[in-house]
Participant: 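Mind looking over this structure? Questions follow.
The structure presented is a predicted model; accordingly, all values stated were derived computationally and were not measured. We count ligands from 1, going down the list as the structure has it; atoms in each ligand are counted the same way. Note: hydrogens, waters and symmetry copies are ignored here, and every other heavy atom, side chains too, is used.
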Amino acid sequence: MTILTTERLRLEPFCDEHLAALNALGSDIEVMRYLGGRTETLDDTRAVIERVKARWAEWGYSWWAFLEHDSGELVGAGCIQHLGRDKAKPLEIGWRLRRDRWGRGLASEAARTMAGFAFETLQAPLLRAVCHLDNAASAQVMKRLGMRYCGIERWNDMDCLAYEISAGQWRARQSP
Ligand SMILES: CC(C)(COP(=O)(O)OP(=O)(O)OC[C@H]1O[C@@H](n2cnc3c(N)ncnc32)[C@H](O)[C@@H]1OP(=O)(O)O)[C@@H](O)C(=O)NCCC(=O)NCCS
């Protein structure tokens, strides 16, 4: 299981200690608005953590909790996983932040580090991201990461904006 660090965050693979704070994140209707719109019960979050722990054990990547260095608080979460939860599909990157931490660049900061993990550690050839058509904030994070727009695709029973970046494009952006 891989812990990652950024300037402001420590990214820890989901574990049981994250339950209450992850549930607070998943039960905020504003956070979940473009993620199916359904909030999580405590049992839902418990099941998510169990599933994520199994993925880390089996695949070596899944969801991280974002712990803020300054406050020690869990302020978000992000992932590298397979689109449609199907191992045959390319990797996708995803993120969500606690509402009081929006607009500070934290999602973009975590995204750069998670993408680096996907390309450098996992040697992924391609990284994709999808979001609800109206989720401009998330699409903005994708663009800041250097992803290019690919069109509208259907994922998780939702029409989505799809973005992607290849390993070559990623490496070209890392060189000075
Ligand atoms: C999607 C989501 C994570 C984006 O959060 P965000 O705060 O907009 O994204 P960032 O953390 O990258 O912050 C970007 C903003 O911070 C600003 N910013 C960037 N770097 C910064 C820094 N170092 N210091 C302060 N502010 C900074 C940027 O200017 C940007 O603001 P702008 O859009 O007005 O230009 C957030 O809206 C969210 O959690 N939504 C609900 C869950 C969700 O929909 N997830 C995505 C599903 S696909």
Participant: For R8, which part has a heavy atom under 4.0 Å from ligand 1: side chain, backbone, both, or neither?
Facilitator: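 It is the side chain that gets close, since no backbone atom is under 4.0 Å.
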Participant: Counting only nitrogen or oxygen atoms and a 3.5 angstrom limit, does R104 reach ligand 1?
Facilitator: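 Min N/O separation from ligand 1 is below 3.5 Å for R104.
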Participant: Considering non-hydrogen atoms of the protein only, which is the closest contact for atom 36 (C) of ligand 1, and what is the distance?
Facilitator: W102 NE1, 3.6 Å
Participant: In terms of residue, atom name and distance, what is the protein heavy atom nearest to atom 12 (O) of ligand 1?
Facilitator: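 Result for atom 12 (O) of ligand 1: S108 OG, 2.5 Å.
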Participant: Does some non-hydrogen atom of the protein lie less than 4.0 angstrom from atom 29 (O) of ligand 1?
Facilitator: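 Given the 4.0 Å limit, the answer for atom 29 (O) of ligand 1 is no, no protein heavy atom qualifies.
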Participant: Under 6.0 Å between ring centres: does that hold for W95 and W63?
Facilitator: no
Participant: Does any N or O atom in L106 lie less than 3.5 angstrom from one in ligand 1, N or O only?
Facilitator: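 L106 vs ligand 1: N/O contact under 3.5 Å present.
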Participant: Of the protein's non-hydrogen atoms, which lies at the shortest distance from atom 20 (N) of ligand 1, and what is that distance?
Facilitator: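 So the nearest neighbour among protein heavy atoms is G105 CA, 3.4 Å.
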Participant: Using distance alone, decide if ligand 1 has a nitrogen or oxygen within less than 3.5 Å of any nitrogen or oxygen in R96.
Facilitator: no
Participant: Does any N or O atom in L35 lie less than 3.5 angstrom from one in ligand 1, N or O only?
Facilitator: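 For ligand 1, there is no N or O atom that lies under 3.5 Å from one belonging to L35.
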Participant: Just to be sure I read this right, does ligand 1 sit under 4.0 Å from the backbone of N135, its side chain, both, or neither, counting only heavy atoms?
Facilitator: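 For N135, the contact with ligand 1 is made by the side chain alone.
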Participant: Can an N or O of V141 be found at a distance shorter than 3.5 Å from an N or O of ligand 1?
Facilitator: no
